[in-house]
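Structure first, commentary second.
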There are 2 protein chains.
Amino acid sequence: MTGGMDERSETTAVDGEEDDLLLQLRRLEISDNAKGFVELLSQLSPATGPLSEEDFRARFADLAALGDDHLIVVAEDRRTGRIVATGSVFIERKFLRGGGKVGHIEDVVVDAAARHRRLGQRVVRYLSNHAKAAGCYKVILDCTTDLRSFYEKCGFTEKNIQMALYF
Amino acid sequence: MTGGMDERSETTAVDGEEDDLLLQLRRLEISDNAKGFVELLSQLSPATGPLSEEDFRARFADLAALGDDHLIVVAEDRRTGRIVATGSVFIERKFLRGGGKVGHIEDVVVDAAARHRRLGQRVVRYLSNHAKAAGCYKVILDCTTDLRSFYEKCGFTEKNIQMALYF
């Protein structure tokens with residue numbers, strides 16, 4: 001599943017001879033607020049409103065302080081300069097399994113206008129590769145049942161149920 | 001569900017007049033390695049071996065650096081000085097929902113010899129209260145289906161499925 005992808009940066013012409021879309025998968029940068037990163041997240045969670053530049057920078061700094069224990073990948077469409085896919089992973093450090101680590105994948109979303117190009121799979125592979133390189137013994141995520149087959153294609157298997165308590 | 005419990009420390013005589021077990025729910029302390037904390041985790045994950053004092057202290061320091069974004073609660077049996085229940089929560093900071101936060105509950109376990117005293121519920125309530133106080137809009141966890149009813153008693157509802165990829 002990992003396929004020797006360079007985690008840090010990858011540029012690929014996406015399928016279709018007519019399709020000259022060039023995509024770069026890379027870590028989130030502080031300039032990505034202007035490239036539609038938060039707007040893209042609103043396709044995942046409708047309760048997501050725009051963040052002020054100040055709030056964006058503050059959250060960016062919170063997460064940067066975690067170093068490689070937190071990573072957000074984005075795919076930028078080089079033609080338009082817009083962010084068209086993203087996902088995040090954070091590394092949880094445990095006391096069990098000899099001080100094992102677990103990667104938690106969150107907030108994977110592909111722009112509705114950029115579907116059917118395996119962007120989702122590439123985002124998930126990028127995040128899984130990061131978790132593996134960080135020494136995690138597994139990577140996990142929660143999703144709706146209609147995404148089960150997508151994540152199976154990414155190498156995942158269904159394990160448990162997710163319970164939630166909203167405040 | 002929160003019931004006004006003091007999150008920091010709670011001492012309670014547990015049910016039954018004959019039962020003079022005194023339990024204190026409190027944050028994990030560095031001295032808890034000697035009180036059976038990691039042994040207790042091995043009841044949850046059989047792949048858990050003992051941690052050297054050095055490794056325990058290193059992991060403790062990793063997590064302490066996260067401040068209130070990571071909390072491990074333990075219940076100590078004051079008669080025996082042993083840890084009989086534990087659970088953890090970490091706070092994930094997101095860009096969506098206006099920079100929302102989500103609490104992730106992990107590694108909840110009650111000593112097999114200390115069951116049927118609502119210790120699990122108290123651990124989960126402690127962790128949920130922490131997440132709520134930290135400003136999370138929800139707290140989530142993954143569990144096997146046989147624990148669904150237990151977490152429903154704790155106020156949770158089933159939402160999604162968990163997918164996993166083992167390395």
Side-chain angles (χ1 to χ4, degrees), chain A residues 1 28 37-38 41-42 44-45 47-51 55-56 58-60 62-63 66 70 72 88 90 92-100 102-104 106-107 128 131-132 136-145 147-148 151-152 154-167, chain B residues 1 28 37-38 41-42 44-45 47-51 55-56 58-60 62-63 66 70 72 88 90 92-100 102-104 106-107 128 131-132 136-145 147-148 151-152 154-167:
Chain A
M1 183 196 137
L28 180 75
F37 169 69
V38 177
L41 289 176
S42 72
L44 181 68
S45 173
T48 297
L51 278 185
D55 288 345
F56 183 89
R59 179 53 31 102
F60 190 94
D62 289 340
L63 296 172
L66 300 175
H70 192 279
I72 298 178
S88 71
F90 59 83
E92 180 207 2
R93 292 164 183 254
K94 290 179 177 284
F95 280 98
L96 53 73
R97 283 183 176 248
V102 171
H104 296 251
E106 293 280 335
D107 302 342
S128 300
K132 187 176 182 181
C136 293
Y137 67 89
K138 68 176 178 182
V139 61
I140 60 176
L141 57 87
D142 298 320
C143 65
T144 53
T145 52
L147 286 171
R148 183 194 292 115
Y151 283 111
E152 284 173 347
C154 297
F156 287 71
T157 51
E158 185 173 350
K159 290 292 285 183
N160 283 310
I161 57 173
Q162 183 215 40
M163 308 288 292
L165 170 64
Y166 284 77
F167 298 124
Chain B
M1 182 193 143
L28 180 74
F37 170 68
V38 177
L41 288 176
S42 72
L44 181 68
S45 174
T48 297
L51 277 185
D55 288 344
F56 183 89
R59 179 54 30 102
F60 190 93
D62 289 340
L63 296 171
L66 300 174
H70 192 280
I72 298 179
S88 71
F90 59 83
E92 179 207 2
R93 291 164 185 255
K94 290 179 177 285
F95 280 98
L96 52 73
R97 283 185 176 246
V102 171
H104 295 251
E106 293 280 335
D107 302 342
S128 300
K132 187 176 182 182
C136 293
Y137 68 89
K138 68 176 177 182
V139 61
I140 59 176
L141 57 88
D142 298 321
C143 65
T144 53
T145 52
L147 285 170
R148 183 193 292 114
Y151 283 112
E152 284 173 347
C154 297
F156 286 70
T157 51
E158 185 173 351
K159 289 293 285 183
N160 284 310
I161 57 173
Q162 183 215 40
M163 308 289 291
L165 170 63
Y166 283 78
F167 299 122

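Letters A, B, ... are given to chains in the order of the sequence lines, protein chains preceding strands, and every chain is numbered from 1.
Every residue was checked against the salt bridge (charged side-chain N to carboxylate O under 4.0 Å, His left out) condition with B:R97, not counting sequence neighbours, and none meets it. Under the rule for a side chain to side chain contact (heavy atoms under 4.5 Å, CB included), the partners of B:K138 that lie at least two apart in sequence or sit in another chain are A:Y166, B:V102, B:I140.
Interface remark: A:I72 contributes side-chain atoms only to the contact with chain B (heavy atom separation under 4.5 Å). Using a 4.5 Å cut-off between heavy atoms, A:E152 contacts chain B through both its backbone and its side chain. Residue A:F56 touches chain B through both its backbone and its side chain, counting heavy-atom pairs closer than 4.5 Å.
Of the listed residues A:H70, A:E158, A:R93, the one with more heavy-atom pairs under 4.5 angstrom with chain B than any other is A:R93. Most heavy-atom pairs under 4.5 Å with chain B: of the set A:F90, A:F37, A:F60, this distinction falls to A:F90. Taking chain B as the reference chain and counting heavy-atom pairs below 4.5 Å, the highest number among A:L51, A:L147, A:L96, A:V38 is found for A:L96. Between chain A and the residues B:L41, B:T144, B:T157, the most heavy-atom pairs under 4.5 angstrom are made by B:T157. Put simply, of A:T145, A:D62, A:D107, A:L66, the one with the most heavy-atom pairs under 4.5 Å next to chain B is A:D107.
The shortest distance between side-chain heavy atoms of B:F95 and A:L63 falls below 4.5 Å. Looking only at side-chain heavy atoms (C-beta outward), A:I161 and B:C143 come within less than 4.5 Å of each other. Under the 4.5 Å side-chain criterion, counting only non-hydrogen atoms from C-beta, A:Q162 is in contact with B:K159.
Once rounded to the nearest 0.5 Å, the distance linking NE2 of A:H104 with NE2 of B:H104 reads 7.0 Å. To the nearest 0.5 Å, atom CE of residue A:M163 and atom CZ of residue B:F156 are 8.0 Å apart.
Shown here for A:L165 and B:S128, the closest heavy-atom pair between the two residues is CD2-OG, 4.0 Å. Considering all non-hydrogen atoms of both residues, A:K94 and B:R59 come closest at O-NH1, 2.7 Å.
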